[in-house]
Amino acid sequence: MPIREVDMAKKRIGILTGGGDVAGLNAVIKSVTYRGSEDDIEVVGLRRGWEALTHLNLDDPNSRSHYVIPLNRENTRTIDRRGGTVLHSSRVNPSKIQKLPYHLVGNDVPVSLSTNGGIATKTWDLTSRVLANLSGLGIEHLIAIGGDDTLSYAAKLNELGVKIIAIPKTMDNDVRNTEYCIGFSTAITRASDAIQRQRTTVGSHERIGIFRVFGRDAGFTALYTAYATSIRCVIPEYKVDLDKLIRLLIEDKRANPSNYALIVLSEGAQWEGYKLREYGEPDAYGHRKKANVAESLADEIKQRTGEETIISDLTYDLRSGDPDFIDKLVALTFGNMAYDAMLESKTGLMSALVEGRYDLVPIPDAKLGPRKLDVASSYNTERYRPIYANKQGLPIFLNRAS
């Protein structure tokens, strides 16, 4: 059934997912939809994240069906059983659109020019279109599910008067103001399982196994994977000494009856003297892909010791597949909290875990950047391992919101 023109007889809310997919997103979508059906509130799914509100042409039925879908109990009944997002996703930044939608070409749209490396880039700010499309769809309240980038634009809409509630999701667990983001537990479960399986191969060939996981700016995924599997790790928050790191890995290998060692690296991990390399065009939020630090470490180990390695890139595998219990529990709860906040006409808030308790907190200030690990309490800078001691009194996920 297509979305009707503005109908004020029924309250209508929108929901979208932005950025990378993680397990648990569909549980949020279902919980909001089911609650809406009980209260006779229409729930509208906005497909492909912020792109739905920048590229939607309200006068084109094909555009409407492409970007907007009415959600109900029937089409969301089983979605929480699988990972990903049925609403799809994108990394569109409405403030910096790099290519205008065809129906806006020739219109008076705010434009900006930026120069990087002598190359001028033109971008358009389609915030006015976002506001117009929200109004045209009759959406009174918006629920945005995403990480730092998605939520930074949610904060901007809140400042412009849009009623909006945010839900944090990222396997990096690096959104500020919360101790937990949807997708994190499943990512650690996946990483731990993969490393445990690959012990047999790394051990059979008597090598050093190097595992790379996501974590551009924060090392939560690498650290907690190392915590659960009892191996060493390197995180973006601390530059290790390469000679010492290699020596520790060789010591681990020699002390192991099966003559192998393991280490997990964040994608943004560094050591003294190593310059992180990036490649490709920046995305809508200015991020470029990072060269594989695991391959760089493998090269260094080979050159310095002659030891062979096995490299395993776990990145995308960790966000794929069905959610585990923790992610399903948190996703359902975050979704219901966001819905309750919407019923109370609250705005500018985000579902969160603070001191191990569910809470509503302000949407993070994008200027502060991602949340980082507290190295002093989390990372053993002598052994390049997680710190296991002195955990009494900490919340369940060990690092407090910041």
Side-chain angles (χ1 to χ4, degrees), residues 14-26 28-29 45-56 63 66-68 83-102 104 109 111-112 114 116 121-127 129-130 133-134 142-157 164 166-176 181-184 187 213-218 221 266-268 278-291 313 315-320 350 363-364 366-367 369-371:
I15 186 168
L16 62 82
T17 53
D21 67 292
V22 297
L25 296 175
N26 288 331
V28 178
I29 297 166
L46 301 171
R47 304 178 73 209
R48 298 173 178 82
W50 293 123
E51 183 182 315
L53 294 171
T54 56
H55 287 56
L56 172 65
S63 180
H66 185 69
Y67 286 117
V68 184
T85 166
V86 296
L87 294 180
H88 305 285
S89 190
S90 70
R91 293 192 182 277
V92 168
N93 180 352
S95 297
K96 294 182 179 180
I97 295 293
Q98 296 173 336
K99 183 178 180 181
L100 275 180
Y102 73 93
L104 296 182
V109 180
V111 62
S112 297
S114 59
N116 188 5
T121 303
K122 181 186 292 186
T123 59
W124 289 266
D125 185 348
L126 295 189
T127 297
R129 299 304 307 171
V130 171
N133 283 331
L134 284 170
L142 184 63
I143 295 176
I145 314 167
D148 280 326
D149 295 333
T150 300
L151 301 189
S152 67
Y153 191 73
K156 178 175 181 175
L157 287 184
I164 190 163
I167 295 178
K169 69 88 214 158
T170 167
M171 56 179 284
D172 295 345
N173 207 40
D174 62 354
V175 174
R176 286 184 178 269
C181 303
I182 297 168
F184 183 59
V213 297
F214 276 134
R216 178 187 294 112
D217 302 297
T221 307
S266 300
E267 63 175 318
E278 297 181 327
Y279 64 95
E281 292 295 319
D283 66 15
Y285 292 91
H287 305 309
R288 299 174 66 203
K289 293 182 178 179
K290 295 189 182 299
D313 191 340
T315 49
Y316 287 98
D317 188 51
L318 304 193
R319 65 165 48 150
S320 306
M350 179 179 77
I363 297 175
K367 293 190 293 294
R371 182 171 76 117

Margin query: Quick check: closest heavy atoms across Pro370 and Asp217, and the distance to 0.1 Å?
Written below: CG-CB, 3.6 Å
Next item on the list: Check whether any side-chain heavy atom of Leu126 lies under 4.5 Å from a side-chain heavy atom of Val109, and answer yes or no.
Entry: yes
Next item on the list: Find the distance between CG (Leu142) and CG (Leu16) and round it off to the nearest 0.5 Å.
Entry: 5.0 Å
Check: With respect to Tyr67, which candidate in Arg48, His88, Arg47, Glu51 satisfies the side-chain hydrogen bond (donor to acceptor under 3.5 Å, both in side chains) definition?
Finding: Glu51
Margin query: Testing the basics here: between Ser266 and Ala218, what is the closest heavy-atom pair and its distance to 0.1 Å?
Written below: OG-O, 4.2 Å
Item checked: CD1 on Ile363 to CG on Leu157, rounded to 0.5 Å -> 9.0 Å
Margin query: Side chains of Thr127 and Tyr153, heavy atoms from C-beta outward: is any pair under 4.5 Å?
Written below: yes
Checklist line | Asp149 side chain reached by Asn93 side chain, heavy atoms, under 4.5 Å | finding: no
Notebook entry, point to check: Can you name the side chain to side chain donor-acceptor pair (under 3.5 Å) partners of Asp317, sequence neighbours left out?
Noted result: none
Margin query: Keeping Ser89 on the side-chain end and Gly49 on the backbone end, is there a donor-acceptor pair under 3.5 Å?
Written below: no
Check: So, the side chain of Arg176 versus the backbone of Gly369: is there a donor-acceptor pair under 3.5 Å, distance only?
Finding: yes
Next item on the list: Dump the intermediate steps for side-chain contact (heavy atoms from CB on, under 4.5 Å) on Asp172 and Asp148, then the final yes or no.
Entry: CA-CA 10 Å; Asp172 295 345; Asp148 280 326; over 6 Å; no
Next item on the list: For residues Gly84 and Leu25, report the shortest heavy-atom separation together with the two atoms involved.
Entry: O-CB, 3.6 Å
Next item on the list: Check each of Thr170, Val175, Val22 against Ile182 using the side-chain contact (heavy atoms from CB on, under 4.5 Å) test, and report the only one that passes.
Entry: Val22
Next item on the list: Without swapping roles, check the side chain of Lys169 against the backbone of Gly20 for a donor-acceptor pair under 3.5 Å.
Entry: yes
Checklist line | Shortest non-hydrogen contact from Val130 toward Pro94 | finding: CG2-CB, 4.0 Å
Note to self: Could you check whether any side-chain heavy atom of Lys96 comes within less than 4.5 Å of a side-chain heavy atom of Ser112, counting everything from C-beta outward?
What the structure shows: no
Check: Are side-chain heavy atoms of Leu104 and Ile97 found at a separation under 4.5 Å?
Finding: no
Check: Do the non-hydrogen side-chain atoms of Thr54 and Arg129 ever get within less than 4.5 Å of each other?
Finding: no
Next item on the list: Working to the nearest 0.5 Å, report the span between CG of Leu151 and CD1 of Ile167.
Entry: 9.5 Å
Margin query: Donor-acceptor pair, distance only, cut-off 3.5 Å: does the side chain of Glu267 make one with the backbone of Gly215?
Written below: yes
Next item on the list: Verify side-chain contact (heavy atoms from CB on, under 4.5 Å) between Ile15 and Ile145, making sure each step is shown before the conclusion.
Entry: CA-CA 8 Å; Ile15 186 168; Ile145 314 167; 4.0 Å; yes
Checklist line | Considering all heavy atoms, the nearest Thr315-Met171 contact | finding: O-CE, 3.9 Å
Margin query: Just to verify, what does Lys99 make a side chain to side chain donor-acceptor pair (under 3.5 Å) with, not counting sequence neighbours?
Written below: none
Check: Do you know the tightest heavy-atom contact between Gly18 and Thr150?
Finding: C-OG1, 3.3 Å
Next item on the list: State whether Lys156 and Asp125 are salt-bridged, where the test is any N-O pair (Lys NZ or Arg NE/NH1/NH2 against Asp/Glu carboxylate O) under 4.0 Å.
Entry: yes
